[in-house]
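Working notes, structure below.
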Amino acid sequence: MLRNEAINVLLNNYPIRELSMIMGKMLGDGGVCIQKKRRGRFRFIHCAADKEWCYYCYSQLNNILPLPEPRYIKTPDTRLKLGYSESYYVQSLTSELNDILQLLWYTKKGKEIPFELLEHTLTPECLAWWYQDDGHLKKSKNKPQKIILSTDSFSKNENYQLIQLLRNKYSLNFSIDGQNRLILYDQPQIFYFLRLIQEHIHPSMIRKLFSVVSKEINKSKRTTISLTSILSIEKPTKEINQALEHLPVINQIARKNETYFPYYQNCLSLAQNTLRKSYQVTLSKEQLTLLNSIQAITGLKISIIVEWCFLFSLNSRK
């Protein structure tokens, strides 16, 4: 069977949701066990601490793959304090789907990402499974610092292709660190990424999410707002306050994924504009409370939220 034919068989005969979960697993801790003169078998393994996640993956995939229940394994390891490690292991029986996964994911050189299929299956749920397997959120004082996807087993070229695919599909700008891993540093993009996948995060993996509690402000405050030079502002105090009248609407937009995601993508160019001008303005306690509330769920800087208000004001006039 040729690669294109194999991809068509998958897309035409298997549910896209299950395929996306399998692809997330293959990007993460999953693989195909290949033995000489034997058909391949899909498999994955998780440490005992992630037993619930392992069983959940098994329960979601055993309708599309012939999977026996996870098996407990105790492995001697003198490097560990207990002298052994504990894990749960799943390996499927043979099937047509396993044969196709082997054909698409493995060459003579080893495991390689089939981007022709991944372009169809890189759904938010696929991202969520990949992240729960091989992702890490680094936090400091309950603030996100970076998201790491452990892609060091893939070639640099494959990682650049992954970066391009994530940029094209979700407007996420990952980079590669010195260990050949995908890294996301930008705080609003971290918030955005986690909101994309949040509904697909298993309760046992809640450690890979975070939440920020917004503060209620008790008094007005004079602060500096740095705005893009695209905006032509002649009377800063008046014009900024007029724009901030749209804060309640921006708050509503920010709280629903179906409105926030497209608005976020449309406003990316504003945030990336480096030519900015600073204005001193006094904000009321009500304005500051709303700004903090929006910031807590988006990670956006206050200046960017103010720009969103300007953008909404301009669009509403059209």
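- A donor-acceptor pair is defined here as one N or O able to donate and one able to accept, closer than 3.5 Å; no such pair exists between the side chain of D29 and the backbone of H46.
- Of the N and O atoms on the side chains of Y160 and E158, not one donor lies less than 3.5 Å from an acceptor on the other residue.
- Side-chain rings of Y260 and F191 stay apart, their centers remaining 6.0 Å or farther from each other.
- In this structure, the side chain of N8 engages the main chain of N4 through a donor-acceptor pair within 3.5 Å.
- Under the 4.5 Å side-chain heavy-atom criterion for grouping Ile, Leu, Val, Met, Phe, Trp and Tyr, I197 is not connected to I297 through any hydrophobic cluster.
- Remark: the backbone N or O of T151 is paired with a side-chain donor or acceptor of N159 at under 3.5 angstrom.
- A donor-acceptor contact shorter than 3.5 Å is absent between the side chain of T282 and the backbone of R222.
- By the criterion of side-chain heavy atoms lying less than 4.5 angstrom apart, applied directly or through intervening Ile, Leu, Val, Met, Phe, Trp or Tyr residues, L65 is grouped together with W130 in one hydrophobic cluster.
- Contact check for I147 versus I183: no side-chain heavy atoms found under the 4.5 Å cut-off.
- Annotation: cation-pi pair K139/F210 absent, no NZ/CZ under 6.0 Å from the ring centroid and within 45° of its normal.
- A donor-acceptor pair under 3.5 Å is absent between the side-chain atoms of S293 and the main chain of T289, judged by distance alone.
- The shortest side-chain heavy-atom distance between E96 and Y14 falls under the 4.5 Å cut-off.
- At least one side-chain heavy atom of I163 sits under 4.5 Å from a side-chain heavy atom of I176.
- Less than 6.0 angstrom separates the ring centroid of Y56 from the ring centroid of H202.
- In this structure a side-chain-to-backbone donor-acceptor pair under 3.5 Å is missing from Q295 to K301.
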Exercise for the section: Start with the C-alpha gap between L2 and L103, add the side-chain angles, then the distance that decides, and say whether side chain to side chain contact (heavy atoms under 4.5 Å, CB included) holds. Expected result: CA-CA 9 Å; L2 299 175; L103 170 67; over 6 Å; no

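- Counting heavy atoms from C-beta outward, I225 and S278 have side chains that stay 4.5 Å or more apart.
- Cation-pi geometry between K208 and Y131 is met: under 6.0 angstrom from the ring centre, within 45 degrees of the axis.
- Using a 4.5 Å cut-off between side-chain heavy atoms of Ile, Leu, Val, Met, Phe, Trp and Tyr, with links allowed through other members, I45 and L27 fall into different hydrophobic clusters.
- A donor-acceptor pair is defined here as one N or O able to donate and one able to accept, closer than 3.5 Å; such a pair exists between the side chain of T123 and the backbone of C126.
- Side-chain contact between E245 and N241 is absent, with no heavy-atom pair separated by less than 4.5 Å.
- Side chain of R3 to backbone of L104: a donor-acceptor contact under 3.5 angstrom is found.
- At least one side-chain heavy atom of L184 sits under 4.5 Å from a side-chain heavy atom of F193.
- Side-chain contact between L247 and I305 is present, with at least one heavy-atom pair separated by less than 4.5 Å.
- Residues L137 and I148 have side chains not in contact (no heavy-atom distance under 4.5 Å, counting atoms from C-beta outward).
- Under a 3.5 Å cut-off, the side chain of Q132 and the backbone N or O of H200 do form a donor-acceptor pair.
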Handout entry: salt bridge (charged side-chain N to carboxylate O under 4.0 Å, His left out) between D177 and K146, worked out
Key = CA-CA 12 Å; D177 72 357; K146 60 182 174 181; 5.9 Å; no

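- With Y192 as the partner, the ring pair (Phe, Tyr, Trp, His ring centres under 6.0 Å) test is satisfied by one option alone out of Y170, F261, Y263: F261.
- Here the side chain of K169 pairs a donor or acceptor atom with the backbone of E119 at under 3.5 angstrom.
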